[in-house]
There are 2 protein chains.
Amino acid sequence: MNSPITASLDLLSSTQEVEAELSKLLAQRTLRAAAYGTHFSELWNLASGRVLGGKMVRPRLLLGAFDALTSAQGGGPVFRDSAFRIAAAIELLHYSFLLHDDVIVGDLTRRGRPNLIGSILQSRELHSPKDLHWARTGGILMGDLMLSLTHQVFAREPLPEALRTQLLDLLDHTITESVVGEHLDVGLSDSVIPADLTTVLSMSRFKTATYTFELPLKAASILAGSSSRAEGPTGEIGRHLGVACQLQDDLLSTFGDPREHGKDAFSDLREGKETAIIAYARMTSAWPSIEPDFGNPELSDSAARHIQRLLSQCGAEQFIRSLIDDQLRACFNVMASPESRVPSQLARLISGIATSLEDRRS
Amino acid sequence: MNSPITASLDLLSSTQEVEAELSKLLAQRTLRAAAYGTHFSELWNLASGRVLGGKMVRPRLLLGAFDALTSAQGGGPVFRDSAFRIAAAIELLHYSFLLHDDVIVGDLTRRGRPNLIGSILQSRELHSPKDLHWARTGGILMGDLMLSLTHQVFAREPLPEALRTQLLDLLDHTITESVVGEHLDVGLSDSVIPADLTTVLSMSRFKTATYTFELPLKAASILAGSSSRAEGPTGEIGRHLGVACQLQDDLLSTFGDPREHGKDAFSDLREGKETAIIAYARMTSAWPSIEPDFGNPELSDSAARHIQRLLSQCGAEQFIRSLIDDQLRACFNVMASPESRVPSQLARLISGIATSLEDRRS
């Protein structure tokens, strides 16, 4: 899918080096898995086979920022091999989140392809409820293994104790906030948590911004040996960029051209996804005319287009655009402020991503 | 529940020191959780509140073996503080396995008390399917956090690099085998994997023996700075003891006195639990008369007692007893062999546990 997050990938390094690192990590385990018999070996091979071939957004963001920071320093303590291994581990963390999210949401596909659960069922032509339970169990267990493997990479990285501890703190912070974000997201869609704007915005920040932008950028500045002072701004920058990206993604999948964003048109409306757009609309006089059809899986295209118009007319679309502007402005302010000392090379990378976001508006 | 595994606990140190260590670990996170609002904070408090108060079998086994090994050495490199933190982390690992197992099995109780999922529902008086989904999601996410916290403790332990790496290898090995065991167990009960004796015995070994006996004993010998040569036997000893314990547990819950083992009498028969006893019975001429009632939740007590008699008459009970004898003999052989160099203090502890297992037969 061509989301705002991936729109700016041409700014970043290729996936090849990260894929090579990931393949090395997984190959060792593939040998070990074989020793535990066909059932586990099949599961491992299905799961590990799906790690490669993605866009590797997070690893590439880490490496792009790392190169920008180290070239700015012109030397100094540099751990480029570590950066590749940590980048690979971050992709494994992302995958473990997806594996458990698929179990939680109950999906058998992701981006139109069978996910791990779907492919376990396909691979053995299984169909019964017990088979589905067995396949979902595979999703939980492989998520646990990938989460463990992520930690193993961070824990073993041959770095000065201080840097490794900073990375472990960052991993800890990231996993906690991602768990908080997933917990809010599920609470919102299960209607256990009321969908007010503040809650929905925190959810987007914790579920997406923290591990997709804050984690790679902070990890890059730790690995580049930037002073702990410089670690602050990369975190802030990542947070603002990440929230802007998520909001832009919500706008696109509600108002955008499906050929561009790759999802079903109106799928968010049919699923009743609690986005910031909807949270704003709930506070307007338009909501009573939107609510009856919101989350109706049978929603017709014409009815969906009507809701689209209502969401636009009630000011929700404009409000979200202004929120994105605020986030991007805050991001640029951080980079502009002298005490944040963001090197121009990193500022160029960030501005490029921010601009590619703005370009996606039209 | 008074299982064979816990029968020998009076041989081991009290839970107090481990509980103190765990409380310290959890307290830091409780403060952090509060910063993420009431929903997450409630979930964290429910989850972390259930870590304490257990029998702490695994941590106490680790500390018992650690004290035996270090007193045998009369000094040498000793890391008693580390032993307490690693013991606490092993309890967190156990808890994370239970949290995900409860999601997988779909239970709302454990040992007759509400588990985390059950207590989330109770705490908010939730009842709908969406509420149950929300509560199960809490189980998955808290399992992920506890698994991450376990790794954080291992990764940060201030030990010589070589020892910390040995512990990380051990954690890695343990989690992999426990995942393999859970995957086999669910495959057996979902009838995706045929229940032959070899598979059922591997399942018991991987799911229970590895993390309940092998992990604490190996961790103890690593922390006691015993040579890597001495690390071998503790692993073997743990494996034999662990399998013996699991088989003894199966015998007790099938043939034993419910007042002793604390489970419902006949619950294994009513659930259709694929134990080694059943795997043996399947190979005998008695099976056709057992099969129709096996796994029938409505099974009457008299019908269950009839199956009990058939399982005994067909030789299954005797066969499992002989398997337990084999495992215990193998365990004693390892300790007796001169090249394994098991110090007498550790041998006494292990023999005590083995004997308390044998005592449980009558």
Side-chain angles (χ1 to χ4, degrees), chain A residues 29 32-33 36-37 39-40 43 96-97 100 103-104 106 124 126 128-138 140-145 147-152 154-156 158 161 164-165 168-169 171-173 175-180 182-184 186-187 189-193 199 202 206, chain B residues 29 32-33 36-37 39-40 43 96-97 100 103-104 106 124 126 128-131 133-138 140-145 147-152 154-156 158 161 164-165 168-169 171-173 175-180 182-187 189-193 199 202 206:
Chain A
R29 313 240 150 194
R32 255 201 267 162
Y36 290 110
H39 298 294
F40 181 70
L43 176 62
S96 78
F97 288 160
H100 283 180
V103 172
I104 289 167
R124 301 171 143 240
L126 300 171
S128 76
K130 274 185 164 192
D131 297 335
L132 181 59
H133 176 261
W134 153 258
R136 289 220 171 112
T137 300
I140 293 178
L141 295 173
M142 286 301 102
D144 291 345
L145 266 194
L147 182 61
S148 300
L149 183 47
T150 305
H151 284 90
Q152 286 281 343
F154 275 72
R156 291 165 186 269
E161 203 55 37
R164 182 165 54 188
T165 304
L168 286 167
D169 290 338
L171 180 62
D172 195 5
H173 164 82
I175 290 170
T176 304
E177 293 210 334
S178 305
V179 159
V180 170
E182 180 80 356
H183 188 240
L184 284 174
V186 174
S189 55
D190 286 342
S191 318
V192 176
I193 298 177
T199 308
S202 317
F206 293 137
Chain B
R29 313 239 150 194
R32 256 201 266 161
Y36 290 109
H39 299 294
F40 181 69
L43 175 62
S96 78
F97 288 160
H100 282 180
V103 172
I104 289 167
R124 302 171 144 241
L126 299 172
S128 77
K130 276 185 163 192
D131 297 335
H133 176 261
W134 152 258
R136 290 218 170 113
T137 300
I140 293 178
L141 294 173
M142 286 300 102
D144 291 345
L145 267 194
L147 182 61
S148 300
L149 183 47
T150 305
H151 284 89
Q152 286 281 342
F154 274 71
R156 290 165 187 269
E161 202 55 36
R164 183 165 54 188
T165 304
L168 285 167
D169 290 339
L171 180 62
D172 195 4
H173 164 82
I175 290 170
T176 304
E177 293 210 333
S178 306
V179 159
V180 170
E182 180 79 357
H183 188 240
L184 284 174
D185 193 17
V186 174
S189 55
D190 286 342
S191 319
V192 177
I193 298 176
T199 308
S202 316
F206 294 138

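In what follows, chains carry the letters A, B, and so on, assigned in the order in which the sequence lines appear, proteins first and then strands, with residues in each chain numbered from 1.
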Exercise. Mind ranking L184(A), L43(A), T165(A) by heavy-atom pairs under 4.5 Å with chain B and telling me who comes out on top?
Key: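 Most heavy-atom pairs under 4.5 Å with chain B: L43(A).
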Quiz item: Among I193(A), T150(A), L149(A), who wins on heavy-atom pairs under 4.5 Å with chain B?
Solution: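 Ranked by heavy-atom pairs under 4.5 Å with chain B, first place is I193(A).
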Kindly indicate whether the side chain of [X], heavy atoms from C-beta on, has any atom under 4.5 Å from the side chain of [Y].
X: H183(A); Y: W134(B); result: yes
X: I104(B); Y: R136(A); result: no
X: D169(B); Y: R156(A); result: yes
X: H151(B); Y: I175(B); result: yes

Side chain, backbone, both or neither of [X] within contact of chain A (heavy atoms, under 4.5 Å):
X: L141(B); answer: both
X: R124(B); answer: side chain
X: T176(B); answer: both

Quiz item: Where on F206(A) is there a heavy atom nearer than 4.5 Å to chain B: the side chain, the backbone, both, or neither?
Solution: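 Contact with chain B is through the side chain of F206(A) alone.
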Looking at [options], which makes the most heavy-atom pairs under 4.5 Å with chain A?
options: D172(B), L145(B), T137(B), V179(B); answer: D172(B)
options: R29(B), M142(B), E182(B); answer: R29(B)
options: L168(B), L171(B), V103(B), T199(B); answer: L168(B)
options: G187(B), G37(B), A33(B); answer: G187(B)

